[in-house]
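Working notes, structure below.
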Amino acid sequence: MEKEHNIVSTQQRRVDAWGKVTGKAKFAEDYNVAHQLYGKVLRSKYPHARILRIDTSKAAQLPGVEAVLTAKDIPGSKVFGIVVKNQAILAEEKVRYLGDGVVLVAAVSKEIAEKTITLINVDYEPLPVLPDPETAMQPDSPRIHDDSPEYEFRNTFVHHKVRKGDTEKGFAEADFVIERRFKTQFIEHSYLEPEAVLAEPSEQGGVKITGSIQNLFSSRRSVATFLNLDLNKVEIIQTTLGGSFGGKDEVMTAMCCRSALLALKTGKPVKMVNSREESMLESYKRHPYVMYYKWGVKKDGRITAMEQRCIADGGAYASMSPFVTWRSVVQATGPYHCENVKTDVYAVYTNNNYTGAMRGFGSPQVNFAIESMMDELAEKVGKNPLEIRLQNGFERGAVTATGQKLEHNVSLKEVLTKAAHSSSFAKKWNDYRHQPPSPKKNGIGIACSYRGVSLGAEGTDAAGTIVSVQTDGSMIVSSGITDMGQGAQSAMSHIVAEVLGISLDRIQFLNTNTSRVPDSGPTVASRGTIMGGSAAKRAAEIVRATLLDVGSKMTGITAEALDLRENYLVHTLGETPVPPGVESGDSTSRRCKRLASFTELAAETFRRGKPMYGFGWFKSPKTSWDEEKGQGEAYFTFVYGCNVAEVEVDTQTGKVDVVEFTSVHDVGKAISRGGVLGQIYGGVAMGLGYGLLEEFDFEDGVPKHLNFDEYLIPTSMDVPPVKAIIVENEDAAGPFGAKSIGEPANEIAAPAIVNAIFNATGQRVYELPANLERVLLGHKLTRKGERGSVRKSAAETWTDASCKIRHKATDE
Amino acid sequence: MLQMNTLTITTTINRRNYTLCINPNQTLLDILREELGLSGTKRGCEIGECGACTVLMNGRAVNACLVLAPQIEGQEILTVEGLAVGEQLHSLQEAFLEHEAVHCGFCTPGMLLSAKELLDENPNPPETDIRFAISGNLCRCTGYVQIVEAIQAASANKPERKP
Ligand code: FES
Ligand code: FES
């Protein structure tokens, strides 16, 4: 499309914001219906134990209790899982982490439901707790899932590899070898809205579930098999979501199944809401990784061999681990040339919270390692961090570690140069290196990345959007791609408005309902804009063709000379001067004559009996993957980004303040500028939390923090001013050239900060987060015992179990 | 039902007078959300850490999850639902819309009220004061940048801000 845009790329308000500033937006917990019951779940008492006996007799007798259910009451499949189906919705024989649900209750009030839980007795036989993945991999460790296939090592349920060239030969050619171990932490998504659903029995024997659910279609599949219902009997409606960041998937599936079971058993609506403590206790986290990196390098800075071995703590269940670790294996060596690559990524069961999708999806971990290694390489060969990246970085035509030739506009060097230039990187880096000793030291650090867009060869990748014109010319749009607060509805609305030449206030976007839109896969992997947006564009184009055809019949002007602009059907007059007497209603320089309002055109289309409905389906271009060889066209296109962080380190306390931040991203095309900027700012803040503050810590399977008093996320005082620079190299694969931004924005802040700390202090941090003790002492201090919000009773009862395996001392 | 001694209190919420029959152990947050259907005030942590439940009590920002119902006797409460007067949005609401300060929107009601307290006290605060004023309101989506910009904008062009 060569013409200028009216909506796309201009400053437009978000379509969902009005309800959110007036308090009218309805989030999941805001839904109530008459006679609803309150559901609660009794969770496990031990991180790993066999269930011997469950006694619910006392609980069932409490007045006001309507149901007390265990796994025995489940009519269909008792387990679910996106890849490996072994996650219990209610544990029957064994509990594998503290968040496992065991008994379900429904009562007429929240208080009674909570009371009921305390009247249930469960006898357990505690089993050895495996809190550390490297220990869990040892052959003498007990198995967490008895029947799960193992890959190479004990409790290991995923092994992905990439093989390119011959690393032995590569190391032989090298002048030096750099070998390092990196470690990252568990991260809690910390969506501000805790999980909630309302399940209602429907008239036809099915169930309707309204809630804060990210991936409606996978949740629906699980509910249907769990209850033995057809998919069309399970209707799931997404409410306005108070954040997700990848986090409202399986934890919501479990909640959907549980509330639906209670609703069907009692015949009444059932509401379930997690407190923050329940949310943190049960929900999945971002995977911690242990990463062994070994690179062979030449004196001139070239890389001859890269060997990586990464171990992801998968926690109690498989969840998205197979997909998350696949992205890690593909991107484990970053956007850098190397002939000889060998990467192995494993995911291992432990008795920690299970780990799954979180913004970044397997990239924040490896990017921390890669970008730290790059800086070490620069140091080793006496170059600056920018030079070494420009020397080794990809350009168009480069061949990735998986053997994919990059045929799109590879803008790595453009984003690197822009970020470095706008932050005076090279000069500051040099100045800070030679700063005199002082209690406060400054540092600047750079990090860049390339990232495969959408799901890639990980899964089927297609999405649908529906555009329906009403007889008054207003519009209803719905999509299988969901909005979690990231602005997907706005991006799709902008695209529809652009194609149909209408203003945004004429569009009403419906919250996603599984019974009204086609299964469009999960809204993950920053695929909202590229997939949902492409489908929206196609749907709108179908409608546009019909409308222009009607317009042509109405006016006798050929459809080619007609256009839809600013709520009018117009006759385009090209570049010729406007004849006298012809009004030009177009605010842009393009000349045209208004023929009919959009409302009149819609009414006419209806009168003529034409379809006023467009359904757009978009399937991503082909990708491929050979699991054995670890080679393939992993993603159909990539995005490029660069972050520069400037820090001040207090050398007496180890405190690090980020004082300035520059974030440059090639997004293809910014459909909504404010939306893209917002994603960048929010991504940086979350990346800063990852780099400096956040750590969801466990002690032998028991979380040490369950609320925001101890799990610290960045506040307005922690986040520095952020300079965001949007680069636009339109990509043929996306709508109007757009790609993605949600995850790229989040994946390189931490390594930029850690590299800045090195520039300031000359000390490198190899484990995240770079908090006071790691910066000052070079290791983590451990706190014994519990404080604050930690669930004391659970901690006390099981620590005296005689049979536990101690942490391997990985935090020496 | 678990019975408890109820208490009758009178209070003003969004310029309307109420006489309420409450349980003394209910919080202001419960009263707003469960009893009065004012669900714009959000529940995020219930321990006074996230700020999602921020409302104004006699013009001061408080965490509604930490205020016990009997404490609102005779007080004036303002929630997000009372910010606009009729159809007229408050200048902060306008600014939040204009500056994309709203992403998922869960923190927004609390942010607006913390910001209102600040601007009522100091109509032209420097950025550091703005950041300090909202430091008790967590936001996981925005990185705070556009929120700070919106508050700045609302402070610069403040026409007479009503209630
Ligand atoms: S709910 Fe009151 S501060 Fe979080
Ligand atoms: S907008 Fe989502 S928490 Fe602030």
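In the text below, chain A, chain B and the rest are named by the order of the sequence lines, each starting its count at 1.
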So, taking the atom named CD in B/Glu81 and the one named OG1 in A/Thr22, what distance separates them when rounded to the nearest 0.5 Å?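 With rounding to 0.5 Å, CD (B/Glu81) is 8.5 Å from OG1 (A/Thr22).
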Rounded distance (nearest 0.5 Å) linking atom CG of B/Asn137 with atom OG of A/Ser716: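 Those atoms lie 8.0 Å apart.
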Examine whether an atom of [X] lies under 4.5 Å from a heavy atom of chain A, and if so say whether it belongs to the side chain, the backbone or both; otherwise answer neither.
X	value
B/Leu138	both
B/Tyr144	side chain
B/Thr142	backbone

Flag side-chain contact, heavy atom, 4.5 Å: [X] against [Y]:
X	Y	answer
B/Cys50	A/Leu192	yes
A/Trp18	B/Val102	no
A/Gln679	B/Cys141	no
A/Leu677	B/His99	no

Would you find more than 12 non-hydrogen atoms of other residues, nucleotides or ligands less than 6.0 Å from [X] atom [atom1]?
X	atom1	result
B/Glu76	CD	no
B/Tyr18	OH	yes
B/Glu34	CD	yes

Of all of [options], which one pairs up most often with chain B through heavy atoms under 4.5 Å apart?
options	answer
A/Ala685, A/Ser190, A/Gly19	A/Ser190
A/Leu62, A/Val719, A/Asp30, A/Asn32	A/Asp30
A/Pro714, A/Gly683, A/Gly64, A/Gly678	A/Gly678
A/Glu694, A/Lys26, A/Lys24	A/Glu694

Which of the residues B/Leu38, B/Val145, B/Val148, B/Thr108 is involved in the greatest number of heavy-atom pairs with chain A at under 4.5 angstrom?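 Most heavy-atom pairs under 4.5 Å with chain A: B/Val145.
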Leading residue by heavy atom contact count with chain A [cutoff under 4.5 Å; candidates B/Glu49, B/Arg140, B/Arg33]: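 Answer, by heavy-atom pair count under 4.5 Å with chain A: B/Arg140.
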For [X] against [Y], the heavy-atom pair lying closest together:
X	Y	value
B/Gly105	A/Phe27	C-CZ, 3.8 Å
B/Cys104	A/Gly242	SG-C, 3.5 Å
B/Gly44	A/Pro194	O-CG, 3.9 Å
B/Lys42	A/Ala25	NZ-O, 4.2 Å

Scan B/Leu97, B/Val80, B/Leu92, B/Leu83 and name whichever one has a side-chain contact (heavy atoms from CB on, under 4.5 Å) with A/Val21.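 Testing A/Val21 for a side-chain contact (heavy atoms from CB on, under 4.5 Å) against B/Leu97, B/Val80, B/Leu92, B/Leu83 leaves exactly one candidate, B/Leu97.
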A/Met717 backbone acceptor or donor facing B/Arg131 side chain under 3.5 Å: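 Pair absent, no side-chain N/O of B/Arg131 close to backbone of A/Met717.
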Is there a donor-acceptor pair closer than 3.5 Å between any side-chain N or O of A/Lys20 and the backbone N or O of B/His103?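 Yes; judged by distance alone, with no hydrogens or angles, the pair exists.
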Verdict with supporting geometry, B/Ile47 and A/Glu277, side-chain contact (heavy atoms from CB on, under 4.5 Å): CA-CA 10 Å; B/Ile47 58 165; A/Glu277 286 79 8; 4.3 Å; yes
Lys/Arg-Asp/Glu bridge criterion (N-O < 4.0 Å) met for A/Glu29, B/Arg43: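 A salt bridge is present here (some side-chain N lies under 4.0 Å from a carboxylate O).
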